[in-house]
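Treat the numbers as computed from the prediction; the structure is a model and nothing was measured.
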Amino acid sequence: MPYALVTKEYDGAYFASGEFRAINPMGKVPVLCDGDRLIIESTAIMDYILNTHGPSELGVGPDNPEYSAYLQWFYMAESGMANYIAVSFGHRSGQDHYWVSDEFDTYCRLQVTKALEMLESRLADRDYVVKTGFSAADISLGYTLFFAEFAIQPGFTGNVKAYYDRLMSRPALQKALALQKALGDLAHKG
Ligand SMILES: N[C@@H](CCC(=O)N[C@@H](CS)C(=O)NCC(=O)O)C(=O)O
């Protein structure tokens with residue numbers, strides 16, 4: 001699909017500004033703008049694209065026997081993993097407004113550990129979340145694992161490590177990372 005990528009400087013003051021909060025009152029990225037519709041929450045954005053611009057082989061429907069697992073991982077990657085990683089990452093950043101107690105940080109990391117153990121079992125007999133192949137659930141998880149790797153370094157092993165390497169080597173992801181790097185280099189040059 002054709003799209004225009006608008007990058008924003010990762011700047012707390014700008015995210016808190018009236019200008020940005022008119023786009024996303026939560027002061028976060030990403031935001032999707034489709035015509036006059038603005039939608040936030042990365043998983044909701046994927047769901048929206050799949051349902052309004054599909055059908056796509058990335059979307060798994062109720063006719064697939066593994067539909068429930070697809071939905072579970074599609075949502076859980078963000079709500080049950082990335083959110084905890086974000087809290088822990090913020091806590092370690094040293095910035096006052098992200099501070100939480102050490103006990104809550106431990107709790108957050110435990111949620112991620114449990115989810116990774118669950119994913120390890122899920123991947124015991126398959127390359128992706130559903131046996132029919134790569135889907136939007138793997139995109140959700142791919143982002144979350146990528147985030148975990150640099151934010152809290154959980155040290156992937158076994159099936160999760162193999163899965164992460166498989167996702168990272170996908171040409172589409174490599175293309176997105178190259179674009180991200182090029183945009184970063186441009187921003188540095190001013
Ligand atoms: N659940 C949200 C999380 C969004 C989120 O936390 N975005 C981060 C960047 S990955 C952000 O903008 N953080 C800014 C902040 O919290 O100040 C989603 O899936 O879109």
Contact check, side chains of Met118 and Trp73, non-hydrogen atoms, under 4.5 Å: yes
Cluster question for you: counting only ILVMFWY and a side-chain heavy-atom cut-off of under 4.5 Å, with indirect links fine, are Met46 and Leu145 together? yes
Residues Asp105, Arg109: salt bridge by 4.0 Å N-O rule: no
Check the pair Phe146 / Tyr164 against ring pair (Phe, Tyr, Trp, His ring centres under 6.0 Å), numbers first and verdict last. CA-CA 8 Å; Phe146 182 73; Tyr164 183 62; 7.2 Å; no
Heavy-atom closest pair, residues Val160 and Glu120: N-OE1, 3.0 Å
Which of parallel (below 30°), tilted (30 to 60°) and perpendicular (above 60°) describes Tyr163 and Tyr128? perpendicular
Would you mind reporting whether Tyr143 and Glu78 have side-chain heavy atoms less than 4.5 Å apart? yes
Do any N or O atoms from the side chain of Thr144 and from the backbone of Ala77 form a donor-acceptor pair under 3.5 angstrom? yes
Are the charged groups of Glu19 and Lys8 less than 4.0 angstrom apart, N to O? no
Under a 3.5 Å distance rule, please check whether Asn159 uses its side chain to pair with a backbone N or O of Arg122 as donor and acceptor. no
Is there a donor-acceptor pair closer than 3.5 Å between any side-chain N or O of Gln174 and the backbone N or O of Met168? yes
With ring pair (Phe, Tyr, Trp, His ring centres under 6.0 Å) as the test, would you mind laying out the steps for Phe89 and Tyr98 before giving the verdict? CA-CA 9 Å; Phe89 185 46; Tyr98 290 128; 8.6 Å; no
Side-chain contact test, heavy atoms from C-beta onward, threshold under 4.5 Å: evaluate it for Asp96 versus Trp99 and give yes or no. no
Side-chain H-bond candidate by donor/acceptor type, Asn64 with Tyr70, under 3.5 Å: no
Has Asp165 got a side-chain atom pairing as donor or acceptor with Ala162's backbone, closer than 3.5 angstrom? no
